> 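Pasting in a structure now, in structure tokens, and then I'll have a few things to ask.
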Amino acid sequence: EHATRKHRTPDHFARVMKIAGHTGKPEVPAAPRGRMGIPMTLSMFNYYPLWKGFFEALGFRTVSSGVSDAGHKSMGARVAQSDFCFPVKMALAHAHGLSGMDGVDAVFFPTVISEKNQENGMPRVFCPYVISFPSMVRHAMETRVPVVAPALDFRLDEQHAVGELARALGPWGVSAREARDAWRTGLAALRSFLRARRDYGNKLTAGIAARGGTGVVFVGRPYNLYDRVINLGLPERFRSMGVDAFPFEVLIDPEREGPDVHHMYWNYGERILSCAESIRGMEGIYPVYFTNFGCGPDSFVLSRFEKIMRGKPYLIIELDEHGSETGYLTRIEAFMDVVRAERKKGTRAAASRERFHHAWKGRGRTLWIPAMHEYAPRFFAAAFRAWGFDARALPLEDEAALETGRQGVRGSECLPAHTTIGSFMKTLRAMGARPEEHALFMPTAEGPCRFGQYTVLHRSVLERHGYGASEIFSPTSVNSYMGMPDSLRLYLGDAITSAEMLYKAVCRVRPREIVPGSVDGAAESALRMLEGAVERKAELIEPTLRAVKSILDVPARAAHLPLVGIVGEIYVRCNPFCNRDVVRAIERAGGEAWLSPIMEWILYTQWMERHMARVRRKGLVERAAVGVKTRYLFHRIGRFEKALAPLLGDRIEPPVEEILEIGKEFFPLIFEGEAIVTVGRALRFINDGAAMVVNCAPFGCMPGNVTNAIFQKLAPTLAAPVLTLFYDGTSDPNRIVQVYLQNLAAGGGEDVRARDSA
């Protein structure tokens, strides 16, 4: 036994929870207005003081779901409708337990989008699971009481928050004035808690330093830090060794911003990486990072955490529902041996900031366009060439490109992150190219999906593999689209629309062609013709009409085939390698595919920009500018649709607002992301008579798991099955498509509704 095991240090986690006002025991006290059940899960560990103060000011009483136990673990496995991470399963179990507790009038958990902005003005958002948790409770599980879930964004003004809260609590007679006063009371309670937590941290770290002690700071999301079922009580092991084990949140000063974290739009990711910079330079304090198997944000955050911590001992523990405490003890012992050895040496790691090289030198480099679609990348590259760039479309990925992209990364990142960078490096290697002469086109985003983190990961991968001189062209509104001319950006929309209209014609005729391969041959001729038109900056409507007509003129049978809609994650659903050529799999099984287009996402994001400008009450000039841009983009697409309606009238996409009208029944509009579009478009497909819908997602996709859970719950009520397929680049889940289509042909459609397939 080590000498340090002579005493157990205080339970700093329990003390922080006590500061938050959480006793850990579910109680149902008397209340004049009602009792609001609060699941003590996910973000509620941080926000409990706010909501406790808010509801008590209104005359409600809060009923916490208490601490987790084995019952929650087993219940979570039963009620989860999809392959969520362990904390989400536990959260669903807490909500389920509260909804059946005598005396609880409602379950309360707000949809919280963002807490504050990044340094570039864009939001720091919560992960899709945390944001959509109320939607999952409402629409993916059974509850016996109402679910109160106002949609809140702490970046918006008080009027927005008060309006949402008053509407959500209207059935209890809460007025806007009462909601406003209670909101202010709750915010004051939250600020008081955050200051008290920081004061506790100051005293704790000062005490460790004064006695030359050793501290282990636990880093991670609050549900990993404070839930002893999720973290297996592992902090107790460190306490038994005589070291102070405490949550990293006590180091956060609520009055000060931490160091800027480059392009980290997840709220907890920003906190973790910001504190990591400080922890690295703290003598005698060593981090243990609690993460979860299947955590989407951590698949990107962990790589950056490790980069910051180079030169200082740290431990990463991946938790899952099947783990046991004993399985981690050897690693904990080994980590503490390393810590003790460093303490004896008296070394101290110097602070080391992350550095990111993201310049773009424009012309003079070959710009490579990933295979985001079977046809569109060729037109995309041609449009860039028309504006003077040397641009080419990357070839469709293959197994070798996937393996190249997975070398030197954690491997838990989503599939397109690996295939896109792998295809780029594989292509440069095959050419023997000089890295400084080439660049990868990789747009970015502001969350909550992992896609927006690709550029940061790709930059690191390029540097690790000797391609650091290559550039990444990552246009976004934040960087003014990196100097792209407005005329080019608009023309790219036309080019994508042209490619997708041609693809619609191919999907209609190819499964009915009389001569095998005749449609693909005609399509290649049409593609070359249109590619030349794009490169000449030609008006594309007339050439697209001729191209579509050339496909529709290919001899084909007049057969009725079951129509299969394809929705889901935009890259995977459109990329034939990632989705194992799901369109042709549907065709081989006797169906006709209708692929939701890339432009659906572009139109959605533009529609949301206009909507959020109103929600955020932007100035009249800014709202007018956004409105003009939105109307102009929709007008350009409308011109194509009107011209092609005589040929493809029954394959024209429904308006975005109609898709969102369906989707907002399941998600609030301010939850920006693909989930609301996926659900809305899938249900619209079914309403319009589709025989089946395929929901495509990369393995581990958070929006994919959320939408799958909702489809599972809706399955008995749907007129057609929704099949969620998760792709990992190696297995082929499309095999089940044939089974489903055969079942439908045999009249067994009522027996297969929604199902997920890994």
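Here the structure is a predicted model, which is why all the values come from computation and not from measurement.
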> Quick one: ring pair (Phe, Tyr, Trp, His ring centres under 6.0 Å) partners of Tyr604, sequence neighbours excluded?
Trp601
> Tell me every residue that passes ring pair (Phe, Tyr, Trp, His ring centres under 6.0 Å) with His418, counting only those two or more places apart in sequence or in another chain.
none
> By side chain to side chain contact (heavy atoms under 4.5 Å, CB included), which residues pair with Pro698, not counting sequence neighbours?
Cys414, Leu415, Pro416, Glu569, Val572, Cys701
> Taking the six-membered ring for Trp, are the ring centroids of Tyr289 and Tyr314 within less than 6.0 Å of each other?
no
> Quick one: side chain to side chain donor-acceptor pair (under 3.5 Å) partners of Asn695, sequence neighbours excluded?
Thr707, Thr724
> For Phe384, check ring pair (Phe, Tyr, Trp, His ring centres under 6.0 Å) against everything at least two apart and list the hits.
Phe380, Phe389, Phe441
> Between Arg410 and Glu318, is there a side-chain N and carboxylate O pair less than 4.0 Å apart?
no
> Report the residues that fulfil salt bridge (charged side-chain N to carboxylate O under 4.0 Å, His left out) with Glu321, sequence neighbours left out, ordered by chain and then residue number.
Lys89
> Do Glu463 and Arg459 sit within salt-bridge range, that is, some charged N less than 4.0 Å from a carboxylate O?
yes
> Who pairs with Thr427 by side chain to side chain contact (heavy atoms under 4.5 Å, CB included), at least two apart in sequence or on another chain?
Trp368, Leu394, Pro395, Ser423, Met431
> Got a sec, which residues hit side chain to side chain contact (heavy atoms under 4.5 Å, CB included) with Ala585, two or more places apart in sequence or on another chain?
Arg588, Asn734
> Taking salt bridge (charged side-chain N to carboxylate O under 4.0 Å, His left out) as the test, write out the residues that go with Arg385, two or more places apart.
Glu531, Glu535
> Is any side-chain N of the basic residue among Arg681 and Glu653 closer than 4.0 Å to the acidic one's carboxylate O?
yes
> Do the non-hydrogen side-chain atoms of Arg584 and Arg510 ever get within less than 4.5 Å of each other?
yes
> Salt bridge (charged side-chain N to carboxylate O under 4.0 Å, His left out) with Arg331: which residues, sequence neighbours excluded?
none
> Might you point out which heavy atoms bring Leu723 and Ile736 nearest each other, and give the distance in Å?
CD2-CG2, 3.5 Å
> Does the pair Glu600/Arg573 count as a salt bridge with the N-to-O cut at 4.0 Å?
yes
> Could you list the residues that satisfy side chain to side chain contact (heavy atoms under 4.5 Å, CB included) with Cys85, not counting sequence neighbours?
Pro87, Val88, Tyr129
> If a pair satisfies ring pair (Phe, Tyr, Trp, His ring centres under 6.0 Å) and one of its residues is in residues 484-509, list it, with sequence neighbours excluded.
His373-Tyr503, Tyr375-Tyr503, Trp387-Tyr491
